Amino acid sequence: MPNLEQLTSAMANWVWSVPLFFLLLGCGLVFSVFAKFVQWRIMTHGYACIRGHYDRPEDTGHISHFQALCAALSATIGLGNIAGVAVAISVGGPGAIFWMWIVGVFGMALKFMECSLAVMFRDVRDVPDPSAPALMEADAEQRTLEYRGEPPPEPGARPRARGEVRGGPMWYMQKALVEPLRLSGNPAWVLFKILAVCFAVATMLNSFGGGNMFQGWNVSDQLHKQCAVPNYIAATLVSGLVALVIIGGIKRIGEVASRLVPFMCVVYVLGALYVIVIHADEIPKYLALIVNSAFTPVAESGACAGVVVWLAFKHGLRRACFSNEAGEGSAAMAHAAARTEEPIREGVVAGIGPFVDTIVICTMSAMVLLMSGTWERPPVGAIASIDGDRAVVRTGDTMPPNMEGLYLERMVVDSKNLAIHVLRRRDQELEFVSAPITSIDRGDGEGWEALKSVSVDLSELAELDRERVAVGQHVHLDMDGAELTGFAFDTTMKGFGKYMVTLAVCLFGFSTMISWSYYGEKGAEYLLGPQAILPYKFLFVIFVFLGMVLPKFQTVYDFSDATTGLMVLCNLPAVLILSPVVLRAARAYFRRLDAGEMPRRFR
């Protein structure tokens, strides 16, 4: 469907243009300055909060600070950290990581603001939680809502149900802007109502795209390629597991996430640290490369040849926002369910998310890709001749020792497609077309030197792509996203990357799907009411299955980028308008904290 692919690509490029970049970075800078660089409070006070030092069982909410953070992190720590970083470096060069860092640091302030607002203006209703139908009967039996002024439960008593807690950008727009303006007769309420509705729609659409089908496609693709698991079997298993978790609502999502997120982070970080330690003497070199490439073009060599500064900037911001969701408003829906009466406290906890996601996990992935040499991996060769639908690729003379076996395995054993890098104009992204290998001409001897040429079939290329293929163009192994990250690990620990990245993709993808189901559910509930929750969950599980059996994800990938940008465009203007409310509350909160007026449960 080339027309649909072109439409979604155009949508993503239109949304992710200069105005959105300045809005995202500008708000992050403004909030950081006026909140007196709250990032420091996030790293100190936030740590004490997630350890439970300030938890109060009698407070309104469903889940603890730590569970809220894990629920949000289970959505953000995902394929954006594995596949997204590889994509950012492939099309934006090492400099894209620098701009991901910038968004990560400013994102801490953005999440602090939006998640404080989410708790400040959340909606608490005196009904059982409709998002957890499996628990509604028990919830109704034991429900006793506790409000301020009522005596707390006896020590050791089981926390009682709180009814439904709803929050997020559409709710702080509704309660802080739409309702007050409408009561005062100000017609501006219509504008903010439109923003709230647009945000809820974009959230629902993104939950089916980036939070569902994109994750599912990568999980099934990785399982099929690395473990030979048929797509329909993987789809049946994963969609069933997703259904079992999301039927329990935010409580069950928080419980699963609080166990899954720490485990998957430790596994991935330990693997990345092993690669980094082996190349420890090169750390300064690659940190300097990241910074320099953010402001100067990448040299004309390797797989990232000719990347310009604009592409590094553009894709660094896009991938960082897709990864850590700062400014997007999605995490605010999870943090709104936290058990607390202090909105600023939950905002501080939420700010930890972009640090863990972008500054830690994404940097780990980036260093593995850079230190292994994967980002500038040599081409298989160059096109020597074209005869009708057949192109002959003359292979290169040498191959780095740590990549030779991996290249041969993928070409000879796996018969991977080859990616032909077509000519790139300086203001555009790297473009390539993929073609299958038909035959390999080998001479005497062993290893890479024995290869003479490789023939590829051009017959299945679209006419426009076929016209752009020319003699002399470089040809690479067709690897992208998570597969590229696995290749990087394998250059240091052959065989480890294949299974470690497969495990990480499955865990990260699954955790992202269960959290995004909750975000989309809240959007559906805002638009259509509580009766839409069960049909939405049923539809979400169907889309998990479909996403895992569909053959291509580029359209979904571009569509997810577009809806992510729309969520930012709807959310940040409201956060900017309401920021004085948060800043006043933050000054009062930190004044009480510094004066020792907030008792801790333990030290």
Side-chain angles (χ1 to χ4, degrees), residues 23-47 49-50 65-78 80-81 100-122 167-169 171-172 199 203 257 261 317 320-338 340 342-362 512 515-516 518-519 564 567-568 570-576 578-579 581-583 585-586 589:
L23 178 65
L24 191 63
L25 290 178
C27 286
L29 177 61
V30 168
F31 296 156
S32 296
V33 172
F34 283 94
K36 298 181 179 179
F37 292 95
V38 72
Q39 288 88 342
W40 171 249
R41 296 281 193 177
I42 289 169
M43 298 306 299
T44 53
H45 181 53
Y47 176 69
C49 292
I50 63 173
H65 292 299
F66 179 69
Q67 288 177 327
L69 178 63
C70 286
L73 280 175
S74 71
T76 57
I77 298 179
N81 304 86
M100 291 183 76
W101 290 343
I102 296 299
V103 174
V105 172
F106 287 162
M108 296 171 72
L110 287 171
K111 278 219 176 158
F112 165 76
M113 298 293 288
E114 62 191 13
C115 293
S116 295
L117 285 170
V119 177
M120 201 175 291
F121 295 103
R122 63 185 174 181
W171 283 104
Y172 53 70
F199 180 87
T203 301
V261 169
L317 265 63
C321 188
F322 184 82
S323 178
N324 67 38
E325 301 175 10
E328 188 178 335
S330 52
M333 290 177 259
H335 285 281
T340 183
E342 297 283 358
I344 300 303
R345 183 177 298 158
E346 192 57 33
V348 168
V349 170
I352 298 173
F355 177 83
V356 173
D357 177 274
T358 305
I359 306 301
V360 178
I361 307 294
C362 284
T512 299
S515 288
W516 265 96
Y518 179 73
Y519 299 161
T564 297
M567 291 174 70
V568 176
C570 294
N571 178 46
L572 283 186
V575 177
L576 195 59
L578 294 172
S579 59
V581 178
V582 180
L583 294 174
Y589 177 86

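All values reported here derive from a predicted model rather than from experimental measurement.
Nearest heavy-atom pair across Gly28 and Ala109 is O-CB, 4.2 Å. Across Cys49 and Val349, no two heavy atoms sit closer than the pair CB-CG2, 3.5 Å. Heavy atoms only, all atoms of each residue included: Phe31 and Ser579 are closest at CE2-CB, 3.7 Å. In terms of heavy-atom proximity, Phe199 sits nearest to Glu328 at CE1-O, 3.1 Å. Taking both residues in full, the closest heavy atoms of Ala118 and Ala332 are given as CB-O, 3.3 Å, listed atom of the first, atom of the second, then distance. The shortest heavy-atom contact between Tyr172 and Val575 is OH-CG2, 3.4 Å.
Under a 3.5 Å cut-off, the side chain of Asn571 and the backbone N or O of Gly327 do form a donor-acceptor pair.
In summary, the side chains of Glu346 and Ser116 do not present any donor paired with an acceptor at a separation below 3.5 Å, with no hydrogens or angles considered.
Residues Val348 and Arg345 fail the side-chain proximity criterion, which asks for heavy atoms closer than 4.5 Å. Side-chain contact check for Asp357 versus Ile361: every heavy-atom pair is 4.5 Å or farther apart.
Aromatic ring centroids of Trp516 and Tyr519 lie under 6.0 Å apart. Ring pair His45/Tyr589: centre-to-centre distance below 6.0 Å.
Sorted by first then second residue, the salt bridge (Lys or Arg N to Asp or Glu O under 4.0 Å) pairs that include residues 105-117, not counting sequence neighbours, number zero.
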